[in-house]
Structures are given as structure tokens and as C-alpha cells.
Amino acid sequence: MAAALVAVAVVTMLAKAVGAAWDAAVRGWPVAAVLAAAGLAGLGWQQLRAVRRRRAQAELLAVLQIPLARIDALNDSEFEFALRDLLIRDGWSARQVGQKGDQAADVIGRHGQRGRIVLQAKHTTVGGKVDSKVMYQVKGTAGPVHGADVAVVVTNGGFTRDARAWGDQHQVHWVDRERLRQWAEEGVPLHDLLRLPVLRPRRTGVRRVA
């Protein structure tokens, strides 16, 4: 008899606890709904800000112009990122990859009509000159290592006569201070500046057997 009374008491207590919890949930649902709505609104606002920020960055890149005096004041890494941004402005998808062991590639880009490009950045003093050894290195890695269709060495200084001649002969494009001014300051697209050709699309598919 005593056990039965205890069981009834336990069931009664559980029923009261469940009822109390249900009443609390019912009374508290407006608060929960408001909190949920506030959370969703906050998330939506963050996403809107991110979209606006990306749009503003895209608009700035679209009209990006960098004076040579500002370029001269950059460090090596900042120079690489500036070249990346200039490529993006010109319609390339590009990323900065320069680091130790980069095998003569500081920026790699891709263009729907002009293929894959590799930039080797050489930030120097105004009177500094890039020699032929840099051109050899870029030629040796641009295609075989990075799969590039276009190889370019860019400096805010100059190139030796031998470096320019070797580059012209072996399809390693060069951008010296004057060309950099046209590209960065005047907004001339790099592919126009270097007269890069439009590549023919590569044919894919099964060969027809005669």
C-alpha cells in the first residue's frame, strides 16, 4: 500500500513539473520569438554589410590607379599585392603567391581569353635594374612549373639592355618603370600594354576516325 502511494505521489509531481514547464514555454514564447528574430536580423545585417563591402572593393578595383611615387614607397610584399589588384582591375582573376621558394612567381592570374599569366615582381630603387638572370629564371619555371601562357617581369626600376633583348627573344615580357606608369597610373590594361594575343580555345572531345 505504501509503495502504491509513493508511486502516485511521484506521478503527480512529474505531471505538475511537466505542466509548469509547458506553462513557462507558452508564456515565454514571445520572448524566444523576439530573440530569434533579433538574431536573424543581426545575421542579415552582417551579410548585407559584407556584400556592400565586397561591392565597394570591386568598385575601387575597377578604377584603381596607383601613382609611381606610392609604388616606390611600398615594400616587396605590398608591391606584389598591388600588381595583383591591377590584374584584377584589368579583368583577370589573380592571387598573390610570392613567398620563399615561389620558383619565380609572385602573382598568378587567369583570363578567359588570354590564358594563365605569371608575374615576377622586382621592387627596387628608381635607378635599379633587373638583369638577364631573372629572365632566365622566369623562363625556366613559368611554363614548366606554373603552366603559364604568359610570363612577365615587373619592376619599378629598369632592365639591362641584355635582359630586355633576351626577354623579347624568348617570350618573357618585361614591364619597366615607364610601362608600369602607363599600367598603374594611366589605367592601360596590361594585355593591351603588352599586346597579348587572344588565345584560341583548346579543342576537347573524341577524335573523329576517317
Side-chain angles (χ1 to χ4, degrees), residues 64-203:
L64 180 64
Q65 290 180 304
I66 310 176
L68 283 180
R70 185 181 303 172
I71 289 177
D72 292 337
L74 301 177
N75 60 35
D76 292 348
S77 178
E78 291 169 340
F79 184 50
E80 294 169 9
F81 280 105
L83 299 184
R84 178 205 63 181
D85 291 347
L86 288 169
L87 275 182
I88 293 174
R89 180 203 67 186
D90 293 347
W92 300 73
S93 60
R95 67 187 192 279
Q96 186 269 354
V97 297
Q99 57 184 342
K100 186 177 180 180
D102 57 27
Q103 300 190 74
D106 293 315
V107 181
I108 294 179
R110 182 79 185 177
H111 193 282
Q113 295 180 318
R114 292 176 171 84
R116 187 175 176 87
I117 192 171
V118 166
L119 301 186
Q120 172 72 346
K122 290 298 179 183
H123 192 270
T124 183
T125 59
V126 174
K129 290 190 176 183
V130 177
D131 61 22
S132 299
K133 290 186 293 185
V134 174
M135 314 302 276
Y136 305 157
Q137 293 170 356
V138 172
K139 179 64 176 181
T141 61
V145 176
H146 304 293
D149 300 295
V150 182
V152 188
V153 181
V154 185
T155 183
N156 61 319
F159 290 82
T160 64
R161 182 182 302 175
D162 290 343
R164 293 196 305 270
W166 197 92
D168 291 341
Q169 185 177 357
H170 295 90
Q171 293 78 51
V172 178
H173 299 275
W174 48 271
V175 174
D176 61 0
R177 188 171 182 82
E178 174 56 26
R179 288 182 174 180
L180 182 60
R181 182 187 64 78
Q182 295 177 53
W183 183 26
E185 280 194 8
E186 298 181 4
V188 179
L190 184 65
H191 46 266
D192 290 342
L193 184 66
L194 300 179
R195 299 180 181 178
L196 300 181
V198 173
L199 300 180
R200 294 180 180 180
R202 298 175 181 175
R203 295 182 179 179

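Predicted, not measured: the structure shown is a model, and the values here were computed from it.
Residues satisfying the salt bridge (charged side-chain N to carboxylate O under 4.0 Å, His left out) test with Asp162, not counting sequence neighbours, are none.
The aromatic rings of Phe159 and Trp174 sit tilted relative to each other, their planes meeting at an angle between 30° and 60°.
Between the side chain of Gln171 and the main chain of Gln169, a donor-acceptor pair closer than 3.5 Å is present. At least one donor-acceptor pair under 3.5 Å links the side chain of Thr141 to the backbone N or O of Gln103. Counting only distance, with no hydrogens or angles, the side chain of Arg177 and the backbone of Asn156 share a donor-acceptor pair below 3.5 Å. Between the side chain of Thr160 and the backbone N or O of Asp131 there is no donor-acceptor pair closer than 3.5 Å.
Atom OG of Ser93 sits about 9.0 Å away from atom CZ of Arg116, to the nearest 0.5 Å. In this structure, Ile108 CD1 and Gln96 CD are separated by 10.0 Å, a value rounded to the nearest 0.5 Å. Between the CZ atom in Arg164 and the CE atom in Met135 there is a gap of 10.0 Å [rounded to 0.5 Å]. Going from atom CG of Asn75 over to atom CD of Glu80 covers 9.0 Å, rounded to the nearest 0.5 Å. Rounding to the nearest 0.5 Å gives a distance of 12.0 Å between CZ of Arg84 and CG of Leu119.
For the side chain to side chain contact (heavy atoms under 4.5 Å, CB included) test with Val154, the passing option among Val130, Leu83, Leu190, Asp106 is Leu83; the others fail.
In this structure, Lys129 places its NZ atom where only 12 or fewer heavy-atom neighbours from other residues, nucleotides or ligands lie under 6.0 Å away.
Taking every heavy atom of both residues into account, Gln120 and Ala105 meet most closely at OE1-N, 3.5 Å. Of all non-hydrogen atoms in Val175 and Leu180, the two that sit nearest each other are CG1-N, 3.5 Å. Looking at every heavy atom in both residues, Ala184 comes nearest to Ile71 through CB-CD1, 3.7 Å. Leu74 and Ala82 make their closest contact through CD1-CB, 4.0 Å (heavy atoms, listed as atom of the first residue, atom of the second, distance). The minimum heavy-atom distance between Val150 and His173, with the atom names listed, is CG1-CD2, 3.7 Å. When all heavy atoms are compared, the tightest approach of Val153 to Val172 is CG2-CG1, 4.0 Å.
The side-chain heavy atoms of Arg110 and Asp149, taken from C-beta on, include a pair separated by under 4.5 Å.
Listed by first then second residue, pairs satisfying side-chain hydrogen bond (donor to acceptor under 3.5 Å, both in side chains) with a partner in residues 180-190 read Asp90-Trp183, Glu178-Arg181, Glu178-Gln182, Arg181-Glu186, not counting sequence neighbours. Among residue pairs with one or both ends in residues 95-133, those qualifying as ring-ring contact (aromatic ring centres under 6.0 Å, His included) are Phe79-His123, Trp92-His111, His111-His191; sequence neighbours excluded.
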